[in-house]
Protein chains: 2
Amino acid sequence: MRSLRYDSDMSRTPLHPTREQIELPMVLDCLSDPIRLAIVYQLAQQEHISSELCCGDFSGLGGKSNLAYHFAKLRECGLMQTRVAGTNRFVRLRREDLDARFPGLLDAVINSAAKDADRLQLLSGCDVVDAQSN
Amino acid sequence: MRSLRYDSDMSRTPLHPTREQIELPMVLDCLSDPIRLAIVYQLAQQEHISSELCCGDFSGLGGKSNLAYHFAKLRECGLMQTRVAGTNRFVRLRREDLDARFPGLLDAVINSAAKDADRLQLLSGCDVVDAQSN
DNA sequence: CCTTATGTTCAACGTTTATTGAACTATTGA
DNA sequence: TCAATAGTTCAATAAACGTTGAACATAAGG
């Protein structure tokens with residue numbers, strides 16, 4: 001009898017809410033955690049280079065199991081899409097769904113985070129800062 | 001000797017963070033609670049009529065002590081300003097500070113909430129809904 | 001086949017959170 | 001002066017949260 005602890009192949013085909021199932025309070029709560037905000041921010045910074053990043057690329061933000069916890073939250077609230085490829089998981093922002101559901105919200109959060117990048121201890125991306133007085 | 005339980009006249013001159021002290025994660029966390037989101041939403045709806053509402057105007061959203069708890073959170077994170085007048089407390093959104101600090105964020109949240117007003121059980125304001133397909 | 005790398009799951013923990021009712025303060029109006 | 005009103009504070013509770021390390025699953029490379 002195989003172990004029941006691991007339910008089917010959840011980790012190979014992770015659950016994602018549909019666009020309509022994405023809820024505003026859950027999204028806001030997800031973004032309110034500094035680590036998760038940093039993950040979203042980092043994804044947003046490379047969006048124009050590559051929409052995806054590997055989970056391991058975020059190792060600067062915490063330990064493996066802690067990051068797995070935060071990735072799960074981001075996935076379950078609809079902020080991120082996870083794709084399994086070999087032993088890697090690639091994550092990306094669900095920008096289309098979020099923009100459709102909550103127009104302007106994601107950009108407002110990311111721009112606000114960019115203004116406070118130092119205070120929030122976000123790894124500063126390439127050239128994100130627009131010369132705008134605080 | 002007077003009771004030490006009540007520290008000076010905190011409840012008469014409540015503490016508010018300065019504009020610069022307003023932090024993004026705290027604001028997002030504050031807005032992620034359904035009751036607080038409903039409070040902010042209701043304030044935003046009447047903004048063009050009156051910028052202020054009395055605490056008692058929100059009694060539909062919960063009990064007195066629970067609301068006092070949520071008002072304190074909204075005040076401490078910088079979302080709301082509280083003004084004491086007699087036995088009443090009047091609250092208003094700190095829109096200028098929020099828009100200066102996090103441009104577009106408050107409107108994006110309020111518009112997103114408006115789209116889901118029914119799902120979020122927000123008391124529908126007067127004529128807030130713009131005919132925009134979900 | 002065995003080892004390594006990547007990431008998840010689980011159990012445990014201490015902390016924070018939202019909610020309640022009772023006690024309390026302060027002001028208004030009779 | 002007394003009662004009523006508006007709202008805060010406190011203590012207690014249960015639930016949710018973030019963090020940790022150990023165990024596990026899966027796939028890739030030698």
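Below, chains carry the letters A, B, ... as their sequence lines are ordered, and counting in each starts from 1.
Using a 4.5 Å heavy-atom cutoff, the side chains of A:N88 and A:F90 are in contact. You'll find the side chain of A:L31 stays beyond 4.5 Å of the side chain of B:L24, heavy atoms only. Side-chain atoms of A:R95 and A:E47, non-hydrogen and from C-beta on, do get closer than 4.5 Å to each other.
Rounded to an integer number of Å, the gap from B:L61 CG to C:dT19 P is 11 Å. As rounded to whole Å, 16 Å separates atom P of D:dA6 from atom CZ of B:R83. Atom CG of B:L53 is separated from atom P of D:dG7 by 11 Å (rounded to the nearest Å). Nucleotide C:dA5 holds its P atom 17 Å from the CZ atom of A:R89, rounded to whole Å. At whole-Å resolution of the value, CZ in A:F71 and P in C:dT9 are 13 Å apart. In this structure, CG of B:L74 is placed 14 Å from P of C:dT17, rounded to the nearest angstrom. Rounded to an integer number of Å, the gap from CD of B:E76 to P of C:dA18 is 12 Å.
When the local axes at the two ends of the helix from C:dC1-D:dG30 to C:dA30-D:dT1 are compared, using 5 base pairs at each end, they differ in direction by 20° after rounding to 10°.
The hydrophobic cluster containing A:L37 does not contain B:M26, counting ILVMFWY residues as joined when their side-chain heavy atoms lie under 4.5 angstrom apart, directly or transitively.
Within the structure, no pair that satisfies the salt bridge (Lys or Arg N to Asp or Glu O under 4.0 Å) test touches residues 24-38 of chain A, not counting sequence neighbours.
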Could you write out each protein N or O paired with an N or O of nucleotides 16-20 of chain D at a distance under 3.5 Å?
from, atom 1, to, atom 2, distance (Å)
D:dG18, OP1, A:R36, NH1, 3.4
D:dG18, OP1, A:R36, NH2, 2.9
D:dG18, OP2, A:R36, NH1, 3.4
D:dG18, OP2, A:Y69, OH, 2.3
D:dT19, OP2, A:N66, OD1, 3.4
D:dT19, OP2, A:N66, ND2, 3.3
D:dT19, OP2, A:H70, NE2, 2.7

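For C:dT27, the OP1/OP2 oxygens have no side-chain nitrogen or oxygen of B:N88 closer than 4.0 Å.
Taking CG of A:L53 as the start and CD of A:Q42 as the end, the distance is 6.5 Å to the nearest 0.5 Å. Interatomic distance, A:C30 SG to A:I22 CD1, rounded to the nearest 0.5 Å: 11.0 Å. Interatomic distance, CG of B:N111 versus CZ of A:F102, reported as 12.0 Å (0.5 Å rounding).
Between B:D99 and B:R19 there is no salt bridge, since no side-chain N of the basic residue sits under 4.0 Å from a carboxylate O of the acidic one.
Toward the 5' end of DNA chain D, the nearer of the two residues A:T87 and B:K64, judged by each one's closest nucleotide, is B:K64.
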